[in-house]
Amino acid sequence: MLSVDELALLEAIRESGSLSRAAAQLGKAPSTVSHAARQLEARFDALLFDRRRYRLQLTPAGHLLAQEAARLMLDVSRLTQRVKQVAGGWEDRLWIVTDEVLEFETLVPVIRAFDGLKSGVTLRITHEVLTGTWDALRDGRADLVVGATNEPPVIPGLRWFELGVMDWVFAVSPRHPLAKVREPVERAAVLQHRAVVVADTSRRVDVRGYGVLGGQPSLAVPSMRAKIQAQCEGLGVGWLPRDRVAGLLKRGDLVEKNMADPREPNLLYVAWRGGHQGRALEWWLAQLQNKRLASRLVKGIDVITANTRR
């Protein structure tokens, strides 16, 4: 490992091309700089400076040493900062997993506010679907989950609170056969048509489809946005977040159907595992308990509004 002075010497010679100018830049006598340069070469047993030309230059070995030394010094600086950060109660990294039903756009203002703290904590934000969200917390792939659906499972040290309630609407394309079926629509009529579902990302083999009747054919898609699009195109039927498709219903791109077996609203949860609660996690939990933010996350962005922004 090079010292800060040795790294500064390499940089000064590389930039100035002269021992005398490098000495002036470093505020040292030329003889001191020359001696330090020779000591550095003796230490590595390699020719680091090309003295044959009018302009002093680093040899290829010298360039390599300067580049790698600069990288190592930056790594040491970052490590020092991270050690201070963790010693101050901040985590090195916070891994947040949201259920895919929430939209990343609604989290952007919160991320900006967190950046303003200048904590140094690295954020990692990914998403899962349905049981996969809880699995991420159970398997250690998340420090915090947001928007998890269904009842909290048994996980050692699990802590949670309710984020809010999501209302659903059974909606179909006006071109779909179910659009003309008499209401309330019976289960038998729905069974005759393909359901569109967002695929559960759980690795477990016992996961069940949400909103799919037994024996009903299904089309699994990667996101709620894709599900909405698929149903607008008449590729299938199913339940959609009411607030997200309000504009589409009003415009007639989707038709709401009253169902004989209505779907209950979903409670969405925020959850984490107690025992290792750093300042970053505490900050995020405090934000998510804000009713206005929680409502914005659960309500989401109307599809028409989102498309207009693009």
Side-chain angles (χ1 to χ4, degrees), residues 74-167 200-203 223-224 241 243-244 265-301:
L74 183 59
D75 287 345
V76 169
S77 176
R78 288 173 176 166
L79 177 59
T80 301
Q81 180 59 37
R82 287 169 60 192
V83 169
K84 291 180 179 178
Q85 171 186 320
V86 173
W90 293 101
E91 300 90 327
D92 181 39
R93 183 192 73 173
L94 186 68
W95 192 343
I96 301 172
V97 172
T98 69
D99 190 287
E100 198 282 329
V101 75
L102 301 187
E103 295 159 306
F104 177 77
E105 293 93 325
T106 58
L107 281 175
V108 169
V110 193
I111 297 170
R112 284 204 184 101
F114 184 74
D115 287 346
L117 301 177
K118 300 187 183 304
S119 64
V121 177
T122 298
L123 286 181
R124 180 175 181 180
I125 300 178
T126 58
H127 71 252
E128 299 280 350
V129 178
L130 295 172
T131 313
T133 307
W134 290 114
D135 285 355
L137 191 61
R138 177 189 287 108
D139 299 343
R141 292 181 286 109
D143 301 305
L144 171 68
V145 296
V146 184
T149 57
N150 303 327
E151 288 295 319
V154 177
I155 298 176
L158 178 68
R159 300 183 64 185
W160 55 266
F161 58 82
E162 295 175 3
L163 182 67
V165 177
M166 179 170 284
D167 290 317
D200 196 316
T201 55
S202 174
R203 281 69 167 174
S223 67
M224 181 57 69
D243 290 316
R244 196 86 60 85
N266 269 111
L267 266 175
L268 304 186
Y269 297 90
V270 172
W272 69 103
R273 299 179 77 161
H276 302 285
Q277 200 162 314
R279 292 173 65 182
L281 177 57
E282 289 177 352
W283 186 91
W284 275 87
L285 291 174
Q287 305 308 303
L288 293 167
Q289 287 173 317
N290 180 287
K291 293 188 182 301
R292 289 181 61 186
L293 172 60
S295 176
R296 189 163 69 245
L297 292 174
V298 174
K299 185 175 181 180
I301 302 171

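Starting from 1, each residue takes its place in the sequence as its number. Computed from heavy atoms alone, side chains included, the values below leave out hydrogens, waters and symmetry copies.
- Checked against Ile125 for a side chain to side chain contact (heavy atoms under 4.5 Å, CB included), the options Val146, Ile96, Val97 give a single hit: Ile96.
- Note that OG1 of Thr149 and CG of Leu268 are 7.0 Å apart. Values are rounded to the nearest 0.5 Å.
- In terms of heavy-atom proximity, Met224 sits nearest to Pro241 at SD-CD, 3.6 Å.
- Shown here are the side chain to side chain contact (heavy atoms under 4.5 Å, CB included) partners of Asp139, two or more places apart in sequence or in another chain: Asp135, Arg141.
- Residues meeting the side-chain hydrogen bond (donor to acceptor under 3.5 Å, both in side chains) test with Trp272, sequence neighbours left out: Gln277.
- Summarising the geometry, atom CG belonging to Leu107 is positioned 12.0 Å from atom CZ belonging to Arg112; distances are rounded to the nearest 0.5 Å.
- In this structure, the ring pair (Phe, Tyr, Trp, His ring centres under 6.0 Å) partners of Trp283, at least two apart in sequence or on a different chain, are Phe114.
- Taking CZ of Arg296 as the reference point, atom CG of Asn290 lies at 8.0 Å (rounded to 0.5 Å).
- In terms of the side chain to side chain contact (heavy atoms under 4.5 Å, CB included) criterion, residue partners of Arg124 (sequence neighbours excluded) are, by chain and number, Arg93, Trp95, Thr126.
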Would you please test Arg244 and Val101 for side-chain contact (heavy atoms from CB on, under 4.5 Å) and show each step? CA-CA 10 Å; Arg244 196 86 60 85; Val101 75; 4.2 Å; yes
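- Among residues two or more places apart in sequence or in another chain, the side-chain hydrogen bond (donor to acceptor under 3.5 Å, both in side chains) test is passed with Thr106 by none.
- At least one side-chain heavy atom of Phe161 sits less than 4.5 Å from a side-chain heavy atom of Leu285.
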Applying side-chain contact (heavy atoms from CB on, under 4.5 Å) to Phe104 and Thr98, what does each step give before you reach the verdict? CA-CA 9 Å; Phe104 177 77; Thr98 69; over 6 Å; no
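- Counting only distance, with no hydrogens or angles, the side chain of Glu91 and the backbone of Ala280 share a donor-acceptor pair below 3.5 Å.
- Considering only heavy atoms from C-beta on, Val110 stays 4.5 Å or farther from Leu288 through its side chain.
- With hydrogens and angles disregarded, no donor-acceptor distance shorter than 3.5 Å links the side chain of Asp167 to the backbone of Pro265.
- Shown here are the side chain to side chain contact (heavy atoms under 4.5 Å, CB included) partners of Ser295, two or more places apart in sequence or in another chain: there are none.
- Considering every non-hydrogen atom in both Gly274 and Arg159, the closest pair reads CA-CD, 3.9 Å.
- In this structure, CD on Glu128 lies 9.0 Å from CG on Asp200, to the nearest 0.5 angstrom.
- A distance of 9.5 Å separates CG of Leu130 from CD of Glu100, quoted to the nearest 0.5 Å.
- By the 4.5 Å heavy-atom criterion applied to side chains, Leu163 and Leu102 are counted as neighbours.
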Verify side-chain contact (heavy atoms from CB on, under 4.5 Å) between Val298 and Val165, making sure each step is shown before the conclusion. CA-CA 7 Å; Val298 174; Val165 177; 5.8 Å; no
Between Tyr269 and Val145, does the side-chain contact (heavy atoms from CB on, under 4.5 Å) criterion hold? Intermediate values first, please. CA-CA 8 Å; Tyr269 297 90; Val145 296; over 6 Å; no
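- Scanning for side chain to side chain contact (heavy atoms under 4.5 Å, CB included) contacts around Leu158 gives Trp134, Leu137, Pro152, Ile155, Trp160, Ala271, with sequence neighbours left out.
- Just one residue in the list Thr201, Asn266, Asn150, Thr133 forms a side-chain hydrogen bond (donor to acceptor under 3.5 Å, both in side chains) with Asp99, and that residue is Thr133.
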